[in-house]
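Note that this is a predicted model, so its numbers are computed, not measured. Note that ligands are numbered from 1 as they come in the structure, with each ligand's atoms numbered from 1 the same way.
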Amino acid sequence: MVKKARSNIPLSKVPIDDEVRRAAIDALESGRYILGEYTRKFEEEFSRFIGVKFGVGTSSGTSAIMLSLLALGVKPGDKIVVPSHTAFPTVSPILHVGAIPVFVDVDPETYTANPDCIRKAVSEVEGIRGIIAVHLYGHPANLDPILELAEEKGLFLLEDACQAHGAKYKGRPVGSIGHVACFSFYPSKNLTVCGDGGMVVTNDEEVAEKVRMLRDHGRREKYVHEILGYNMRFNEIQAAIGLAQLKKLNGYTERRRKIARLYAKLLDELPLKTPTEAEWAFHVYHLFVVRVRSDLRDRLREWLSQKGVETGIHYPVPCHMQPACNKYTIKTVPHSLTITESLVREIISLPIFPELRDEETEYITNCIAEFFRDL
Ligand SMILES: *Cc1c(COP(=O)(O)O)cnc(C)c1O
């Protein structure tokens, strides 16, 4: 058996400083732990950062999506257009509310949903209620044609912005463009609360109010349950940490973009494809995903692992091929998903996080160069 070197450059790492530590302790000592002042303030500051009127904290990005679908009135049997190439939690809430995903292919440059495929799906499949656009890897989806189609057909547009805090589409923050948007603050994300957490942001007061009730047992007042809700609330220590991290987000984003530029420069001559940033996009590089020939992908990963470099694959199995999905969706893939199906065999995510040093980026790219030289 080959002995693996201990991975000393992780794929991602959360930056923690004294301000974050202090925030956590302050919240700990405040005596209130759920849906208090810190949560209210985090909702207010994060929604202001995105440029929308309302923010409602939820227990995770997944629950943000599920509660949004319910608040938008999605009913069992409704169909929702969604790219197959995304994290599975984009799709599982669709199934949980009894709706049916209609999968579409992605654009081979941005890896986000192809608007032409969405249009085709909407014109060919009956019963579509809405569209979920995913700002995958931190690159915004091409929202204008999608929003135009949604408005033309009376569909909602939900932005899954779980990977794209601070990303911009034509100069506007993602999360402020669709009818509702969902963020995650899971530890690997660009903005984290050092635990699970999510937020629904919207300018639609009714949707915000509905999510607010649904996350807390369907109530507005303590003992009156107006609708059937859930416990998908937000925690105070997480909110305090989120407020501290939010102040640093723009700096972290700049750092990620700088690392991405260095990677692109150092990998330029090698036989792999680095990420593109569309001319209308401000990419926040949640992940730095490169593509290599599919027969070399796993060998390159193994090589980097031997050199102590952790890598990932986001994602190896497209959502329409997930066992958990098949029973619901087998008949709802009306088109070929050829880009998605070939993409997933070529992608590798390289380490990227604010504290990744330039020497480490150089080390990683040198290891990759060595791999291709020795081929
Ligand atoms: C992380 C993520 C989610 C789910 O967020 P959680 O907070 O982990 O529940 C949903 N969609 C995308 C694209 C994600 O990256």
- Query: Who's the nearest protein heavy-atom neighbour of atom 4 (C) of ligand 1, and how far?
  - Reply: Thr62 OG1, 3.5 Å

- Does NZ or CZ of Arg257 come closer than 6.0 Å to the centre of the six-membered ring of Phe282, within 45° of the ring's axis? yes

- Message: Which residue is it: Glu152, Glu148, Glu124? I am looking for the one with a side-chain hydrogen bond (donor to acceptor under 3.5 Å, both in side chains) to Arg119.
- Response: Glu152

- Message: Gln163 versus ligand 1: do any nitrogen or oxygen atoms come within less than 3.5 Å of each other?
- Response: yes

- Using heavy-atom distances, let me know which of Cys162, Pro187, Pro83, Ala161 sits nearest atom 10 (C) of ligand 1. Cys162

- Query: Ser60 heavy atoms, cut-off 4.0 Å: which ligand 1 atoms fall inside?
  - Reply: 7 (O), 9 (O)

- Message: Looking only at protein heavy atoms, which one is nearest to atom 7 (O) of ligand 1, and what is the separation?
- Response: Ser184 OG, 2.6 Å

- Query: Which one holds for Lys189 and ligand 1: side chain close, backbone close, both close, or neither close, with close meaning a heavy atom under 4.0 Å?
  - Reply: side chain

- For the ring pair (Phe, Tyr, Trp, His ring centres under 6.0 Å) test, which of Phe234, Phe54, Phe185 pairs with Phe46? Phe185

- Query: Sub-3.5 Å donor-acceptor pair from the side chain of Asp78 to the main-chain atoms of Lys75, do we have one?
  - Reply: yes

- Task: Salt-bridge test for Glu45 and Lys247: reply yes if a basic N is under 4.0 Å from a carboxylate O, no otherwise.
- Result: no

- Task: Report yes if some N/O of Tyr186 lies less than 3.5 Å from some N/O of ligand 1; otherwise report no.
- Result: no

- Item | Polar atom proximity, Ala87 to ligand 1 (N or O, under 3.5 Å) | no

- Would you check, one step at a time, whether the test side chain to side chain donor-acceptor pair (under 3.5 Å) holds for Arg215 with Thr58? CA-CA 7 Å; Arg215 76 170 169 185; Thr58 57; over 6 Å; no

- Note on the structure: Closest to atom 13 (C) of ligand 1 among protein heavy atoms sits Asp160 OD2, 3.4 Å

- Item | Residues Glu362, Arg357; criterion salt bridge (charged side-chain N to carboxylate O under 4.0 Å, His left out); working and verdict | CA-CA 9 Å; Glu362 279 158 20; Arg357 289 178 287 121; over 6 Å; no

